[in-house]
Amino acid sequence: MPIQETEKSFNHKEIEKKIQDFWKKNNIYDEVNLLRGDGPKYSFLDGPPYCSGNIHLGTAWNKVIKDTHLRYKSMEGFNVRRQAGWDMHGLPIEHKVEELLNLKNKQEIEEKIGIDNFVNQCKDFACKHKNSMTEQFKSLGVWMDWKNPYMTLDPQYMESSWWTMQKAHEKDLLVNDLRVISWCPHCETALAAAEIDYEDKEDPSIYVKFPLKGEFLTNNSLKEYFLVWTTTPWTLPANLAISVNPDFKYSFVKKDDEILILASNLLETVLGPQIKIHKSKILNDNGEEEILEEKEELYEIVETVNGEKLLNLEYDYPLIHEIPKHTDFNQKFTNVHKILPGGHVELGEGTGLVHTAPGHGPDDFEMGKKYDLPIFSPVDESGVYTSEVGKYENKFVKSVNDLIIDDLKNKDLMYKHELINHRYGVCWRCKTPIIYLATKQWFLKVTEIKKEMLNQVSKVNWVPKWAGSGRFHDWVDNAKDWTISRQRYWGIPIPIWECSNCDNIDVIGSLSELKEKSLSKIDASDYELIHRPYVDSIEIECTCGSKMNRVPDVLDVWMDSGVAPWASLYYPQEKESFDEWYPYDFITEGHDQTRGWFYSQLGSGVISLDEAPYKKVLMHGFVLDEQGKKMSKSLGNVVSPEEVIEKYGADILRFYLLWANKPWEDIKFVWDELNNVKKMFNILWNVYVFSTTYMSLDNFNPDNCNENNIVLRDEDRWIISKANTLLRDVGDALNRLYFHDATRKINQFILEDLSRWYVRLIRGRTWVESDDPDKLGAYYSLYSALISLINALSPISPHITEEIYENLVKNVSNNFNQSIHMNNWEFSEEDINPELEEKMDYLRNIIDSVARARDSAKYKLRWPVSDITIVSQDSRILDAVNDLEDIIKDQSNTKNVLTAYEFEKLSFIAKPNLKTLGPRLKGDMGLVKNYLAKADGNLIKNELDDTGKFTIGLEGKLIELSNEDILFDTELPDDMTSAEFDGGNVFVNTKITPEILSEAMSRELIRRVQDMRKDMDLDVEANIHVIIKANNEFTNLVSSKEEIIINEIRANSIALTNEEICNSNFNDNDYYIKNWKIEEYELSIFIKR
RNA sequence: AGGCUAGUGGCACAGCUUGGUUAGCGCGCACGGCUGAUAACCGUGAGGUCCUGGGUUCGAAUCCCAGCUAGCCUACCA
């Protein structure tokens, strides 16, 4: 089958559907993998998207990057592992299900519908979304192993995470510890740092007076108070001390008959200016107005001491009557209700005296441990006060803020009560403000392996470099121990069994181990067994003889995905594929994953296998809206991938995402820019249509081309060189992950090299009938350039390239792959000719400037000129002109091309330089001026160039002029126009000779006939009969060119006449008739098929 | 508050590593041209405090410091 003529416009919807059906029907993805099965391995690990709903542009970009790189790698010959992954456990899904089932809290989950049911609902939810998201990714043309993805709810996968926990235990990196951690009172679970979002939020900001017990100042009898600032009044019931920085200065300030103690540096911030100036106008003795200033001292600094002096002072706990427990504390612990030294105290905000509640803040907790304060955290899992806080019992902590504020006001212990707007941590999913509680949790001791983690970070190849050396390094460097236990249901159960009798724990590493150790017979499936609630019921025996029960927690979901490197390969249950694919050559995710997946894999990797599981990481950016703001539902600026695919198609979206910016920077999503990309695709399609139009007409088959039947011109060798350079450069860019370089080079090639230049150069040759070797040379080169182009573009935009491949290759060649994506990434180093490419660059500049010159003289390109002269001092440019003279002749429509280092026909006009001569010559100035105006500038210039001076004899005086004294204007001869280009000038001879006029008129005529052919909607190859009616002058001008005209307009016959047409065979209705005016000539053209 | 990254005509980007003529390209805008790829193309023009302020240098969009804005990340704002 020959090459087929193509649809005139690019219909992305139709093509993409057709191609995706083709892939599906013929299992092309599997075929490609089969083809590369013996190739060298390239292992890639997909960062698992969370199955909570729809994909967005960010996830689309993520997958497009992966797909493009991996398609390239496959074409390079690699056997690529590209299993898709899904993150399916965790709180976000629990929340969605809670919402769906209208459940308010954990109690309702456990009692209303039961854990069993709840977990099943979560599973259904996750699977449903996994499926719909898979379809969305497929619609982008993303090729991954969608049939066998890794899923974090898969029992075999989960076993691998148990194995990692066991490894951690073996290395003594697993601890159960009482610590203050961030807690979500809605989800009733611990949260890791990675699960906290920050939002602006309004909170109370109160300054509380803590009465000093006894007195510090001896010289007065006023009551003294420590002034303490807090934004969380609800933590005051757990206040056990006040921290000060011993190095700071603290002042005792007298105000309103009491003494306040606070940091000296913060006096003005907290208390306001010390002095108020009252101004009043009075009349003085002279009757003039005068301003009288009176100073009022608003407070008085009575004493200033070092913080050290305050240490160990005691205060009366303000809520002692409300909370009796504090009396106990005060009696049992020496440091309770005292001033203690704390390095964490700063002067940025507050008063320099810090409320310290060891149960409600990590720093406070450290203080508590250091000074032997009780870790008092009288709040339960749902954020409700326990009975330990007397009056406030059974109330949700945040709701007590106002009550406490009132109580303090009633005791006159509130100095100031305001509101503050600040960033506050909230639960990443339910957005409930977090609270800090002291609880026992399980931790991985990351701080102990941090050094090795940093060592591993430095071994990884990061793109860009700073992602690893800066951002990720800093994050790991600051890492705290990782809280991995969650008091939830839908997740990987923590495989730790605790003895009810002794302290012993057992960490189970696999299902078989559990089955072996279980005291009861297990009849559940692996899936059931490894999930809650079934696994909760399994008891095993302790070495002490007692029963061990599982810790009821589940694992942090970040641990789920963190073990993906080996869990997706079911290691250590299965070892073979692990040996084949681990560690991974490449991963890529957005920069938010610094704290997420990059980190969780590194941590669990060092624990399990003593190394980072990835060798190369691309950290990519985010997709922002047009203004550069984050896309969010609340701002209403979210653009969905479906919307873009609907309007522009997946290929254009893919190209755009890889084109808009560097992959590691953020993309501003601008609709208008998609139009740009669309335009490029239209032009590509146009070139394709142009090619198929002629190639199908001539039944062109590239397989039949050989040295004997085709001739290649310079421009043919040039486009072939360019196309091979393109393949080389794009391949290099895709390999280095510089996708923007690849797309920009392709864009340049399509627009500049192929469409605007090469097609323009060969237009005339395609119009030739018969199997002319010169025409076939153009076809062959155009074909070859197109094939290189679609190969280079295929990893980026896989549909349109497949479509073109179907027609241009599969329809004609005997030797083809079933899909373009099975092709090898091949180019010919031999065909790359940098010298020729450089010469063509010069040529384009020159030809553009000829067009400019003609334009400025209003001399149409359609009219030939007898000669143009290229002037340059650069011999490379002149060589290029001489070598590629024919192209200039053709494109500039000139009979001759001349070259020169200097343009001799240029005449010079000498002018006096008034600046130098004026002062010197004074009155003689006029004489010189007149002389120069009449003189031959060229002679003067020659003289100056030769001798450096020019002497004039005037009225008996000799005046010597030097180079600076004379300025030259240049003047073009008549019938000459010029323009500059980068490296020289062109001079165009516009003199019209009879021969030129004859040609010009012929071409004008041809243009009109072509225009009419198009009006008539004739086929390109259709022949016509033409009659031209014009005056004798015109017919004389064109008659000598009759043969050329006939050929150009595909006429069977042409008749030139100056008379009315009135013979009997003539019928007006047979003809399409149009009247024209060309310059001063009026004519009528008659055309019939 | 700290870290990383970015800031270049109305819009989107290049140039910055290695300082050096007149800061480039595309879109948009204005004007003109072309017309067998034509919903395409070509030419000309207007439009720039290269985020701001300092510094280094003969010379800074480029190097250094400080600040502002945006994105991401982090933080014990008690």
Side-chain angles (χ1 to χ4, degrees), chain A residues 8-9 180 193-194 196 198 203 205 228-232 235 239 242-243 342 344-346 348-351 353-357 360-367 420 422-425 436 464 466-467 469-475 477-479 590-596 619 621-622 624 626-630 659-662 664-670 672-673 675-676 679-680 682-683 685-691 693-694 740 744 747-748 751 755-756 759-760 763 766-767 848-849 851-852 854-856 858 860-862 979 1006-1007 1009-1011 1013-1014 1018-1021 1048-1050:
Chain A
K8 294 289 179 214
S9 62
V180 168
I196 299 168
Y198 291 84
D203 268 321
S205 162
V228 171
W229 178 64
T230 182
T231 57
T232 50
T235 59
N239 170 279
I242 294 172
S243 303
H344 62 289
V345 178
E346 284 165 10
E349 275 171 309
T351 62
L353 292 110
V354 173
H355 154 53
T356 302
H360 291 313
D363 262 350
D364 311 51
F365 180 78
E366 292 305 316
M367 289 291 291
I420 187 177
H422 62 168
R423 304 272 289 169
Y424 195 86
Y436 285 94
W466 50 260
S469 59
R471 188 180 266 251
F472 194 52
H473 178 276
D474 292 353
W475 160 261
D477 201 24
N478 291 323
H591 42 43
D592 56 330
Q593 295 303 327
T594 311
R595 69 165 177 176
M619 186 191 77
F622 270 42
L624 310 175
E626 302 214 1
Q627 273 78 43
K629 296 255 189 257
K630 187 179 177 167
W659 174 75
N661 212 339
K662 301 169 187 95
W664 50 86
E665 280 173 16
D666 293 345
I667 288 180
K668 284 190 215 172
F669 186 85
V670 181
D672 208 35
E673 293 297 312
N675 282 329
N676 258 333
K679 212 161 127 181
M680 185 204 85
N682 274 331
I683 290 172
W685 192 258
N686 268 332
V687 174
Y688 169 57
V689 170
F690 171 83
S691 310
T693 304
Y694 292 101
H740 58 301
R744 286 165 197 191
N747 184 60
Q748 178 81 9
L751 263 50
S755 167
R756 290 179 192 159
V759 169
R760 180 172 145 192
R763 238 150 130 182
T766 59
W767 197 233
D848 282 350
S849 71
R852 253 195 322 273
R854 297 176 72 121
D855 193 62
S856 68
K858 299 271 172 250
K860 288 180 196 167
L861 188 59
R862 209 180 299 128
I1006 291 166
R1007 222 285 286 152
V1009 174
Q1010 301 290 33
D1011 197 70
R1013 284 184 65 115
K1014 211 172 135 196
L1018 291 183
D1019 281 343
V1020 170
E1021 73 274 25
E1048 287 289 319
I1049 63 177
R1050 296 214 173 192

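In what follows, chains are A, B, ... by sequence order, proteins preceding strands, each numbered from 1. Owing to the predicted nature of the structure, the values given are computational and were not obtained by experimental measurement.
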Measure across A:Asp364 and A:Ala357 and return the closest heavy-atom pair with its distance rounded to 0.1 Å. OD2-N, 2.8 Å
Closest nucleotide of RNA chain B for A:Lys668 versus for A:Val687: which of these residues is on the 5' side? A:Lys668
So, does A:Lys662 get its side chain near the phosphate of B:rA14, meaning an N or O under 4.0 Å from OP1 or OP2? yes
Who pairs with B:rG20 - Watson-Crick or G-U, where each distance is under 3.5 Å: B:rC58
Value in whole Å for how far the P atom of B:rC11 lies from CG of A:Leu624: 16 Å
Say you pick atom P in B:rC42 and the same atom in B:rA37; how far apart are they, in whole Å? 15 Å
Check this for me: does the side-chain of A:Arg760 come within 3.5 Å of the base of B:rU35 through a donor and an acceptor? no
Within a 6.0 Å radius of atom NZ on A:Lys630, are there more than 12 heavy atoms belonging to other residues, nucleotides or ligands? no
Roughly how far apart, to the nearest Å, are B:rU44 and B:rG3 at atom C1'? 49 Å
As an exercise, state the distance from CG of A:Asp666 to NE2 of A:His591, rounded to the nearest 0.5 Å. 4.0 Å
Could you state the atom-to-atom distance from CG of A:Leu861 to P of B:rC41 in whole Å? 18 Å
When we call it a touch if two heavy atoms are under 4.0 Å apart, what does A:Val689 touch: a base, just sugar-phosphate, or nothing? nothing
So what does A:Asn661 hit on the nucleic acid, given a heavy-atom distance under 4.0 Å: a base, only sugar-phosphate, or nothing? sugar-phosphate
Rounded to whole angstroms, how far apart are CD on A:Gln748 and C1' on B:rA14? 12 Å
Measure the distance from CG on A:Asp672 to P on B:rA12 and round it to the nearest whole Å. 10 Å
For atom P, what is the distance between B:rC11 and B:rU49, given to the nearest Å? 11 Å
Using distance alone, with no hydrogens and no angle criterion, decide if A:Trp685 and A:Ser9 have a side-chain donor and acceptor under 3.5 Å apart. no
Is there a donor on the side chain of A:Ser755 or the base of B:rA40 sitting less than 3.5 Å from an acceptor on the other? no
What is the nucleic acid contact for A:Asn478, judged by heavy atoms within less than 4.0 Å: base, sugar-phosphate only, or nothing? nothing
Write down the partner of B:rU35 under the Watson-Crick or G-U wobble criteria, each distance required to be under 3.5 Å. none
Provide the Watson-Crick or G-U wobble partner of B:rA1, both distances under 3.5 Å; none if there is no partner. B:rU74
Applying a 4.0 Å non-hydrogen cut-off, can you work out what A:Ala660 is touching in the nucleic acid: base, sugar-phosphate, or nothing? sugar-phosphate
When we call it a touch if two heavy atoms are under 4.0 Å apart, what does A:Asn682 touch: a base, just sugar-phosphate, or nothing? nothing
Atom CH2 of A:Trp466 and atom P of B:rU5 are separated, to the nearest Å, by 6 Å
Expressed as a whole number of Å, how far does the P atom of B:rC31 sit from that of B:rC16? 37 Å
Would you compute the distance between atom CH2 of A:Trp466 and atom CG of A:Asp474 and round it to the nearest 0.5 angstrom? 12.0 Å
Closest-nucleotide 5' rank along RNA chain B - winner of A:Glu626 and A:Phe690: A:Glu626
Closer than 4.0 Å, any side-chain N/O of A:Lys630 to the OP1 or OP2 of B:rG71? no
May I ask which nucleotide in the shown strands pairs with B:rU69, Watson-Crick or G-U wobble, both distances under 3.5 Å? B:rA6
Base, sugar-phosphate alone, or nothing: which one does A:Phe669 contact when heavy atoms must sit under 4.0 Å apart? nothing
Residue-phosphate contact under 4.0 Å: A:Lys679 side-chain N/O, B:rC27 OP1/OP2: yes
Is A:Ser691 touching bases, backbone alone, or none of the nucleic acid, heavy atoms closer than 4.0 Å? nothing
State, without any angle test, whether A:Thr232 and A:His360 hold a side-chain donor-acceptor pair at a distance under 3.5 Å. no
Got A:Tyr436 and A:Thr235 here, is their nearest side-chain heavy-atom distance under 4.5 Å? no
What integer number of Å spans the P atoms of B:rA46 and B:rG24? 13 Å
Could you work out the separation of B:rA66 and B:rA30 based on their C1' atoms and round it to a whole Å? 43 Å
Taking only the P atom of each, what is the distance from B:rC51 to B:rU17 in whole angstrom? 15 Å
To the nearest angstrom, the CH2-P distance between A:Trp475 and B:rU74 comes to 5 Å
Report yes if a donor N or O on one partner sits less than 3.5 Å from an acceptor N or O on the other, where the partners are the side chain of A:Arg471 and the base of B:rC72; otherwise report no. yes
Indicate, with a heavy-atom threshold strictly under 4.0 Å, whether A:Glu665 touches base, sugar-phosphate, or nothing. sugar-phosphate
Pick base, sugar-phosphate or nothing for A:Gly628, based on heavy-atom distances below 4.0 Å to the nucleic acid. sugar-phosphate
Base, sugar-phosphate, or nothing for A:Thr230, non-hydrogen atoms under 4.0 angstrom? sugar-phosphate
Using atom CZ of A:Phe622 as one end and atom P of B:rC4 as the other, report the distance to the nearest whole Å. 19 Å
Is the distance between the ring centroids of A:Phe472 and A:Trp475 less than 6.0 Å? no
Rounding to the closest angstrom, what is the interatomic distance between B:rC25 and B:rG15 at atom P? 15 Å
N/O (side chain, A:Arg852) to phosphate O (OP1/OP2, B:rU44) under 4.0 Å: yes
A:Asp1011 with A:Arg1007: basic N within carboxylate O range, under 4.0 Å: yes
Quick one: A:Arg744 CZ to B:rG26 P, roughly how many Å, whole number? 14 Å
Checking N1-N3 plus N6-O4 or O6-N4 for Watson-Crick, or N1-O2 and O6-N3 for wobble, each under 3.5 Å, the partner of B:rC29 is B:rG45
Winner on side-chain proximity to A:Asp1011, out of B:rU35, B:rA14, B:rC72, is B:rU35
Under 4.0 Å, counting only non-hydrogen atoms across every strand here, what does A:Trp685 touch: a base, just sugar-phosphate, or nothing? nothing
Between B:rC73, B:rG26, B:rA37, which nucleotide gets closest to the side-chain atoms of A:Glu673? B:rG26
